[in-house]
Each structure stands twice: as structure tokens, then as C-alpha cells.
K.L.:
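Below you'll find the structure I mean.
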Amino acid sequence: MTATTPLYDTYMRAPLRFERGEGVWLIAEDGSRYLDFAAGVAVNSLGHAHPHLVEALKAQAEKVWHLSNLYEVPGQESLARRLTAVTFADRVFFTNSGAEALECAIKTARRYHYARGNPEKFHVITFEGAFHGRTIATIAAGGQQKYIEGFGPKAPGFYQVPFGDIAAVKDAITDETAAILIEPIQGEGGIRPVTKEFMQELRALCDEFGLLLILDEVQSGVGRTGKLFAYEWAGIRPDIMAVAKGIGGGFPLGACLATEEAAASMVAGTHGSTYGGNPLAMAVGNAVLDVILADGFLEQVRDVALVFRQGLASLKDRFPDVIEDIRGDGLMLGIKAKGPSADLLKAIRAEKLLAVPAGETGRRLRPPLTVTAAEAREGLARIERAAEAVRSSSGTAAA
Ligand SMILES: *Cc1c(COP(=O)(O)O)cnc(C)c1O
């Protein structure tokens with residue numbers, strides 16, 4: 001049999017081919033311009049071809065591309081120093097992806113208890129609807145059958161409890177529990193923010209039972225919610241945190257952050273990565289932080305997010321037959337379609353606006369953090385025209 005493509009069929013790809021990007025715009029091979037509010041699923045945090053990132057990558061490319069972790073890598077130390085200065089963390093391990101950052105986080109938590117003479121404490125409590133990546137361990141952590149099915153026995157030690165149910169978390173804690181792992185905003189699970197109170201209760205439970213609190217801020221981190229990390233909204237501090245996506249601005253980069261205490265048993269030889277902390281990735285990561293940590297940047301994100309949020313809320317009011325709900329925080333937003341999500345997706349794409357599918361009924365909006373209020377309004381105008389198109393094609397009259 002001849003395949004139509006030599007690639008694995010693991011993705012349902014849209015028939016769009018982009019050649020280059022400029023800020024919030026992607027330009028297709030045929031020259032048409034799309035407003036990119038998908039941003040590589042929250043990866044292109046500073047949009048496309050940001051001059052400061054391009055410059056940093058080029059400058060590093062002319063020096064050295066790769067050094068193994070057998071040597072000191074100055075870019076790693078500077079990026080780690082900057083990350084620990086602005087977070088709860090004291091230690092950083094660099095990875096190439098979000099799933100690898102979570103693998104490191106899970107290993108760190110298990111090793112912590114092992115080193116204290118409690119090797120039986122390796123269980124991790126996670127939440128229904130979670131997404132933590134596609135490795136054997138992280139599909140078990142996410143617990144979603146559609147990702148686990150067919151890949152052998154589910155990796156042991158992961159227990160899902162209903163989202164937002166603190167009593168269920170408490171019930172699930174046993175003598176074998178090592179940690180609680182949660183996304184401050186579920187990205188895949190229909191964009192469900194965790195309340196501030198819930199985060200505080202999780203922190204209190206972890207303190208009470210000697211568990212480590214692991215946050216998955218792969219999507220919610222690095223400015224996406226208008227704070228550098230989403231946990232800051234809840235006024236708590238985790239013990240371990242996985243970061244990726246936005247931190248690399250499009251270059252493969254992830255990081256596992258931990259407190260001194262949590263990371264203490266991750267000694268020489270316990271973990272490693274060939275490419276983790278690669279000089280090219282470090283140069284870009286440092287350049288991303290230059291922009292995001294600059295005075296006023298996160299304030300601007302919060303201002304634009306407000307414009308966006310209000311615009312979407314007013315569209316929901318005007319198109320209740322098309323838009324059922326608006327969800328999310330900051331520039332991590334979701335639109336829940338009233339009818340078949342495919343109709344809204346098609347209409348949005350016809351308006352040359354890119355969004356990310358989420359579940360059966362949702363569209364996720366993840367514009368670059370550099371999006372201006374004017375660009376946000378342009379996006380809202382396109383969503384409005386898409387909603388009108390869905391309404392007129394479904395024949396429902398306006399109220
Ligand atoms: C994308 C994502 C991951 C996985 O990251 P990869 O880089 O694809 O391995 C994990 N957790 C969350 C919350 C994500 O959004």
C-alpha cells in the first residue's frame with residue numbers, strides 16, 4: 001500500500017501552509033495573511049520573527065550551537081539565575097519540552113521522598129481533564145483514556161480526582177502519596193481556571209501531609225495570564241513547577257523549577273538530557289525574559305486581555321445562539337460554541353483568524369503576548385463576522 005504522506009497520521013492537519021510570520025500575522029504560501037491567535041498553541045509568546053529573539057538566536061548560532069552537559073553552559077546559569085530570582089524556585093533543570101519538564105518534576109518529587117527513607121511514597125494525585133504531555137508517564141498523569149489506550153499498562157502511581165473537589169483530594173491522600181500535580185488553568189480540559197481558594201487549600205493539604213505541590217505551568221506560565229506565573233494570582237508557592245511553551249518563544253525549551261529542599265536529592269547522575277540547556281535554547285530563553293520582564297510588559301498584557309475579555313463577553317451577549325460561554329484568564333481564553341464547534345471553526349478560519357480546537361465544542365485563543373489592543377479588536381471583529389456567518393447559515397434569526 002502506498003501512503004499519501006510519509007508522515008505518521010497522528011495529526012488532523014488543516015490544509016494550510018505557512019511560509020513566514022510577522023508579529024501576530026502568519027503569511028501562507030499563496031500570500032494570504034492570517035491573524036495568528038493560536039500562536040503555536042501558546043508557544044510563540046512574542047509573536048513571529050520578534051527582532052530581539054532573531055538577533056539572539058543568530059548571534060549564538062555564530063558562536064557555538066551545542067555543548068554537552070559535561071561542561072558549564074553560561075547561558076544556563078544566567079537563565080536559571082533570572083528564573084529563580086523572580087519565582088519561588090532555587091534550582092532549575094532545563095529540558096526541550098513540556099512533557100520532559102513534567103517528567104523531571106515527577107522524578108524530583110519521587111526522589112525527594114525516596115531520599116527521606118520513604119520509597120513507597122511515589123503516588124501523584126492529578127485531576128480529571130488534565131493534560132500533562134504524551135510520554136508514558138505524563139499520559140498516566142493526565143489520566144485521559146483516549147491518550148492511554150493501546151500503549152500498554154498505564155504507568156503506576158497516578159490517581160485522578162474530580163476537578164475542583166477538595167474533599168476528593170483529601171480522600172485520595174494515602175501513606176504512599178508523594179505529590180499533588182495540577183495546572184493552574186486547564187488548557188485542554190475546556191479551559192477551566194482553578195480558584196484561588198482551591199490552590200490555597202491544595203497548598204495547605206500538602207503542608208499538612210508532607211506532600212509536594214507540583215504545578216504544570218507549561219501553558220499558563222511566562223506571562224500568559226498577565227502575571228509571570230499563574231500561581232502568583234493565588235498568593236501561594238509551589239514546591240516544583242514545569243514550564244515550557246512560551247519560555248522559548250518558538251524554540252524548543254522547557255524547564256523544571258524547584259525549591260532547594262525539593263531538588264536536594266537530584267544529585268549527579270540521577271537525571272540528564274542531551275539537549276536540555278542547549279546554548280541556542282538558552283540564548284532565546286534569555287531573550288524572551290528580556291522582553292517579558294521589561295517594565296510595563298505584563299501590565300500591557302493585562303490591559304489587552306481586558307479589552308479582549310470584554311469584547312468576547314459582548315459577542316456572547318449578542319450571539320447567544322452561537323456562543324455559549326467565554327472562559328479563561330488573561331490571554332488564555334476559550335470560546336465554547338453553542339452548536340457544532342466545526343461550524344464556528346470553519347467560519348473563524350474563513351475570516352483568516354487562527355484559533356486552536358479544544359475538545360468537542362471549544363475554540364482556544366492564545367494570541368502572542370505582544371498583541372496590541374488594535375490587533376485584539378481586529379480579532380474580535382473577525383470573530384463577530386464568523387458568528388454572523390454561523391447564525392445566517394444555521395437559519396436562526398437574531399433575537
Ligand atoms: C503542551 C502542554 C504540555 C506538554 O508539552 P510538550 O512540549 O508538548 O511536551 C504539558 N502540560 C500542559 C499544560 C501543556 O499545555
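What's counted below: heavy atoms across the whole structure, side chains too, no hydrogens, waters or symmetry copies. Both ligands and their constituent atoms are indexed starting at 1 by order of listing.
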K.L.:
Identify whether the distance between the nearest side-chain nitrogen and carboxylate oxygen of Arg302 and Asp329 falls below 4.0 Å.
P.N.:
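Asp329 and Arg302: not salt-bridged.
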K.L.:
Would you say the ring centers of Phe308 and Phe37 fall short of 6.0 Å from each other?
P.N.:
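Yes - the distance between ring centres of Phe308 and Phe37 falls below the 6.0 Å cut-off.
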K.L.:
Between Glu378 and Arg382, does any side-chain N to carboxylate O distance fall below 4.0 Å?
P.N.:
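Answer for the salt bridge query: yes.
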K.L.:
Atoms of ligand 1 less than 4.0 Å from Ser97 heavy atoms?
P.N.:
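Atoms satisfying the 4.0 Å criterion: 7 (O), 9 (O).
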K.L.:
Could you tell me whether the side chain of Val288 reaches within less than 4.5 Å of the side chain of Leu253, counting heavy atoms only?
P.N.:
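No. Closest side-chain heavy atoms not under 4.5 Å.
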K.L.:
Against heavy atoms of Asp216, which atoms of ligand 1 measure under 4.0 Å?
P.N.:
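Reading through ligand 1 atom by atom, the close ones are 10 (C), 11 (N), 12 (C), 13 (C).
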K.L.:
Would you say the rings of Tyr114 and Phe122 are close, in the sense that their centroids are separated by under 6.0 Å?
P.N.:
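Between Tyr114 and Phe122, which both carry aromatic rings, the centre distance is not below 6.0 Å.
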K.L.:
Could you check which of Glu217, Lys245, Gln219, Glu103 puts a non-hydrogen atom nearest to atom 2 (C) of ligand 1?
P.N.:
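Closest candidate by heavy-atom distance is Lys245.
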K.L.:
Going by the atom numbers of ligand 1, which of them fall below 4.0 Å from some non-hydrogen atom of Leu102?
P.N.:
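Here the atoms of ligand 1 in question are 10 (C), 11 (N).
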K.L.:
Under 3.5 Å between any N/O of Phe131 and any N/O of ligand 1: does that happen in this structure?
P.N.:
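N/O-N/O distance under 3.5 Å: yes.
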K.L.:
Which of the numbered atoms in ligand 1 are under 4.0 angstrom from any heavy atom belonging to Ala99?
P.N.:
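Per the distance check, 4 (C), 5 (O), 6 (P), 9 (O).
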K.L.:
What atoms of ligand 1 come within less than 4.0 Å of a heavy atom belonging to His132?
P.N.:
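This gives 10 (C), 11 (N) as the contact atoms.
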K.L.:
State plainly whether the residues Arg385 and Glu351 are in salt-bridge range, i.e. N to O under 4.0 Å.
P.N.:
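A salt bridge is present here (some side-chain N lies under 4.0 Å from a carboxylate O).
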K.L.:
Can you confirm whether or not the ring centre of Phe18 sits under 6.0 Å from the ring centre of Tyr34?
P.N.:
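Centroid separation for Phe18 and Tyr34: below 6.0 Å.
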K.L.:
Report the part of Glu183 (side chain from C-beta onward, or backbone N, CA, C, O) that has a heavy atom under 4.0 Å from ligand 1; answer both or neither where that applies.
P.N.:
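Side chain only; the backbone of Glu183 stays clear of ligand 1.
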K.L.:
Could you list the atoms of ligand 1 found under 4.0 angstrom from a heavy atom of Gly98?
P.N.:
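The list of qualifying atoms is 5 (O), 6 (P), 7 (O), 9 (O).
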K.L.:
Measure Val41 to ligand 1 on non-hydrogen atoms and call it side chain, backbone, both or neither using the 4.0 Å cut-off.
P.N.:
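For Val41, no heavy atom sits under 4.0 Å from ligand 1.
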K.L.:
Taking distance alone, with no angle check, do Glu100 and ligand 1 share an N/O pair under 3.5 Å?
P.N.:
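No; the residue has no nitrogen or oxygen that sits under 3.5 Å from a nitrogen or oxygen of the ligand.
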K.L.:
With a distance cut-off below 6.0 Å to the six-membered ring centre and an angular limit of 45° from the axis, does Arg134 pair with Tyr147 as a cation-pi contact?
P.N.:
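Judged by the rule, Arg134 and Tyr147 form a cation-pi pair.
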K.L.:
Mark whether atom 15 (O) of ligand 1 lies under 4.0 angstrom from at least one protein heavy atom.
P.N.:
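Protein heavy atom within 4.0 Å of atom 15 (O) of ligand 1: present.
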